[in-house]
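Report on one structure; see the data block that follows.
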Amino acid sequence: MRLRLPEPPTKASGLAIQILLAAAALTAGCSKEAAQAQAARPAGDDAVLVTVAPVVQKAMPLEIRVIGTAEAESTVAVHAQITGGITSVNFTEGDDVTEGQVLFTLDRRPLEATLQQVQANLARDVAQAADARTQAGRFETLGARGLVSGQEMQTRATAAAALEATVEADRAALENAKVQLEYATVKAPISGRTGALIVHPGNLVRANDATPLVVINRIAPINVSFGIPEGELPDFKRYLSERTLRVEANAPSETVPSMGHITFIDNAVDATTGTIKIKGSFPNADRRLWPGQFVNVVVTLTTDSVIVVPTAAIQAGQQGDFAFVVKDDETVDLRQVTVARTSGAESVVKTGLKPGETVITDGQLRLVAGSHIKVKPDTGQVATR
């Protein structure tokens, strides 16, 4: 067996090897220079642009926010109490009326005739009763002398008593006739705003008809009804026992809320919804709230001093809520936080942050713990150094 020895390198292959070694050395030198340049580059060149906000401690309200419905404080459906024709309507539908104001008048002529008849009957019976009393007195005198029998005396006395009773019945009939005549004038039972007009002059209405003549709603003051979860009921009752609770209500399109106070708590929790009905009373002098309107309700239970940050600073992660806190060297620290409650654009932090620290409110998606940051100049805020 013959072994084949490797051929000695030629001049060309040696030159190729030298070129490869030189290229490797050049590459290593470039990598070293790039690493040195990267190390020498200022940290701000690759910093993430962010907006920041300070962590502050201030008074914040403890609130309950729900949806409620405005309700008229009083609602009265006006009905006719007698049968008759409408002779006049003394208001325009949608008008504000006052208690006792005349709304409708019905035909009074039949009722006036009945009143006159009852008055005549009363006058007749009064005269007859007076004569019967006189006769009874005479027979009593004659009976004392023995000129008439006791039976005749008793008969006259009974007749006089019967006519006295008839007079009393006539007086009662007279009062009833006067009341019926008053019913011909329909007055507003409460002050409030009238709704759509159901009848017009010339219509015949019947006593206690199912359809009302008009409906009046008292809207100043007005009530707002809403429900709160049963889990918040203990705190609600505790704060209500300490002071009068303020409640705000406004329609979604309104910017200025109406102010009122709690006046009613239902006596049972609704088992189907797990809520309890609450009512608040509002002066509503500006008529901003309207019956049947859906409104946003805010009940302020108390106000306490807490740690507050913008809600935009709070991020949700697998380990729970967290926030990026700016450190002195313009890097960030990822801090786990516990949010107690949120009010509008601010969140109350229970643990994880301290007053005076600075948190990131925008740009968190590009951050990790230890990232360099640079505050956007248009925010007007700078990181704490």
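The residues of the chain are indexed from 1 along the displayed sequence.
Using a 4.5 Å heavy-atom threshold, the side chains of Ser305 and Gln57 count as touching. You'll find the side chain of Phe282 stays beyond 4.5 Å of the side chain of Pro221, heavy atoms only. By the 4.5 Å heavy-atom criterion applied to side chains, Leu122 and Val167 are counted as neighbours. Using a 4.5 Å cut-off on side-chain heavy atoms (C-beta onward), Lys178 and Leu174 make contact. Proximity of Leu62 to Tyr239: side-chain heavy atoms (C-beta onward) are separated by under 4.5 Å at one or more points. Under the 4.5 Å side-chain criterion, counting only non-hydrogen atoms from C-beta, Val309 is in contact with Leu353. A 4.5 Å side-chain heavy-atom check between Val205 and Val199 finds at least one atom pair inside the cut-off. Proximity of Phe226 to Thr275: side-chain heavy atoms (C-beta onward) are nowhere separated by under 4.5 Å.
Through direct or relayed side-chain contacts under 4.5 Å between Ile, Leu, Val, Met, Phe, Trp and Tyr, Val215 connects to no other residue.
With rounding to the nearest 0.5 angstrom, the CD1 atom of Ile278 is 9.5 Å from the OG1 atom of Thr263. Rounding to the nearest 0.5 angstrom, the gap separating the CG atom in Leu111 from the CG atom in Leu181 is 5.5 Å. Between atom CD1 of residue Ile190 and atom CZ of residue Arg218 there is a gap of 5.0 Å, rounded to the nearest 0.5 Å. The CG atom of Asp266 lies 10.5 Å from the CG atom of Leu233; values are rounded to the nearest 0.5 Å. To the nearest 0.5 angstrom, Gln101 atom CD is 8.5 Å from Phe91 atom CZ. Of the inter-residue distances, the one linking Arg138 atom CZ with Arg156 atom CZ reads 10.0 Å to the nearest 0.5 angstrom.
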Side-chain donor-acceptor pairs of residues 311-322 under 3.5 Å, sequence neighbours excluded:
from, atom 1, to, atom 2, distance (Å)
Thr311, OG1, Ala345, O, 3.2
Thr311, OG1, Glu346, N, 3.2
Thr311, OG1, Glu346, O, 3.4
Thr311, OG1, Ser347, OG, 3.0
Gln315, NE2, Ala312, O, 3.3

Only pairs under 3.5 Å count here: list side-chain donor-acceptor contacts from residues 287-303, not counting sequence neighbours, and write none if there are none.
from, atom 1, to, atom 2, distance (Å)
Arg288, NH1, Val256, O, 2.8
Arg288, NH2, Asp286, OD2, 3.1
Gln293, OE1, Trp290, N, 3.1
Thr300, OG1, Arg246, NH2, 3.3

Side chains of residues 113-120: which donor-acceptor pairs under 3.5 Å do they make with residues two or more places apart or in other chains?
from, atom 1, to, atom 2, distance (Å)
Thr114, OG1, Pro110, O, 3.0

In a table with atom names and distances, give each donor-acceptor pair under 3.5 Å that connects a side chain of residues 67-89 to protein atoms at least two apart or in another chain.
from, atom 1, to, atom 2, distance (Å)
Thr75, OG1, Asn217, OD1, 2.9
His79, ND1, Asp209, O, 2.7
Thr83, OG1, Ala207, N, 3.3
Thr87, OG1, Thr105, O, 2.8
Thr87, OG1, Thr105, OG1, 2.8
Ser88, OG, Thr105, OG1, 2.3

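Under a hydrophobic clustering in which Ile, Leu, Val, Met, Phe, Trp and Tyr are joined whenever their side-chain heavy atoms come within less than 4.5 Å, directly or via other members, Val325 and Val48 fall into different clusters. No single ILVMFWY cluster, assembled from side-chain heavy atoms under 4.5 Å apart, contains both Val126 and Leu163. The same ILVMFWY cluster, assembled from side-chain heavy atoms under 4.5 Å apart, contains both Val359 and Ile307. Each of Val349 and Val308 belongs to its own hydrophobic cluster when Ile, Leu, Val, Met, Phe, Trp and Tyr are linked at side-chain heavy-atom distances under 4.5 angstrom.
A salt bridge links Lys376 with Asp362: at least one charged nitrogen is closer than 4.0 Å to a carboxylate oxygen. Using a 4.0 Å cut-off between charged side-chain N and carboxylate O, Asp131 and Arg124 make no salt bridge. Ion pair Asp333/Lys327 not flagged as a salt bridge, since none of the NZ, NE, NH1 or NH2 atoms sits closer than 4.0 Å to an Asp/Glu carboxylate oxygen. With respect to Lys354 and Glu357, no salt bridge is recorded, no charged nitrogen being found less than 4.0 Å from a carboxylate O.
For Thr244 (side chain) and Leu240 (main-chain N/O), no donor-acceptor pair under 3.5 Å exists by modelled atom type. The backbone N or O of Ala53 lies less than 3.5 Å from no partner atom in the side chain of Thr358, so there is not a single donor-acceptor pair. Not a single donor-acceptor pair under 3.5 Å links the side chain of Asp270 to the backbone N or O of Gly274. Judged by distance alone, with hydrogens and angles left aside, the side-chain atoms of Glu232 form no donor-acceptor pair with the main-chain N or O of Ile228 at under 3.5 Å. Put simply, the side chain of Asp95 gets close to the backbone of Thr92: a donor and an acceptor are under 3.5 Å apart.
Surrounding CZ of Arg341 are more than 12 heavy atoms belonging to other residues, nucleotides or ligands, all under 6.0 Å away. Around the CD atom of Gln151, the shell of radius 6.0 Å holds no more than 12 heavy atoms that belong to other residues, nucleotides or ligands.
Considering every non-hydrogen atom in both Pro257 and Glu248, the closest pair reads CG-OE1, 3.8 Å. Smallest separation of non-hydrogen atoms from Val66 and Gly227: CG1-O, 3.5 Å. The minimum heavy-atom distance linking Ile216 with Pro189 is given by the pair CD1-CD, 4.2 Å. The heavy-atom pair separating Val224 from Ala249 by the smallest distance is CG2-CB, 4.2 Å.
A donor-acceptor contact under 3.5 angstrom links the side chains of Thr361 and Thr51, judged on distance only.
Under the salt bridge (Lys or Arg N to Asp or Glu O under 4.0 Å) criterion, Arg109 pairs with Asp107, not counting sequence neighbours.
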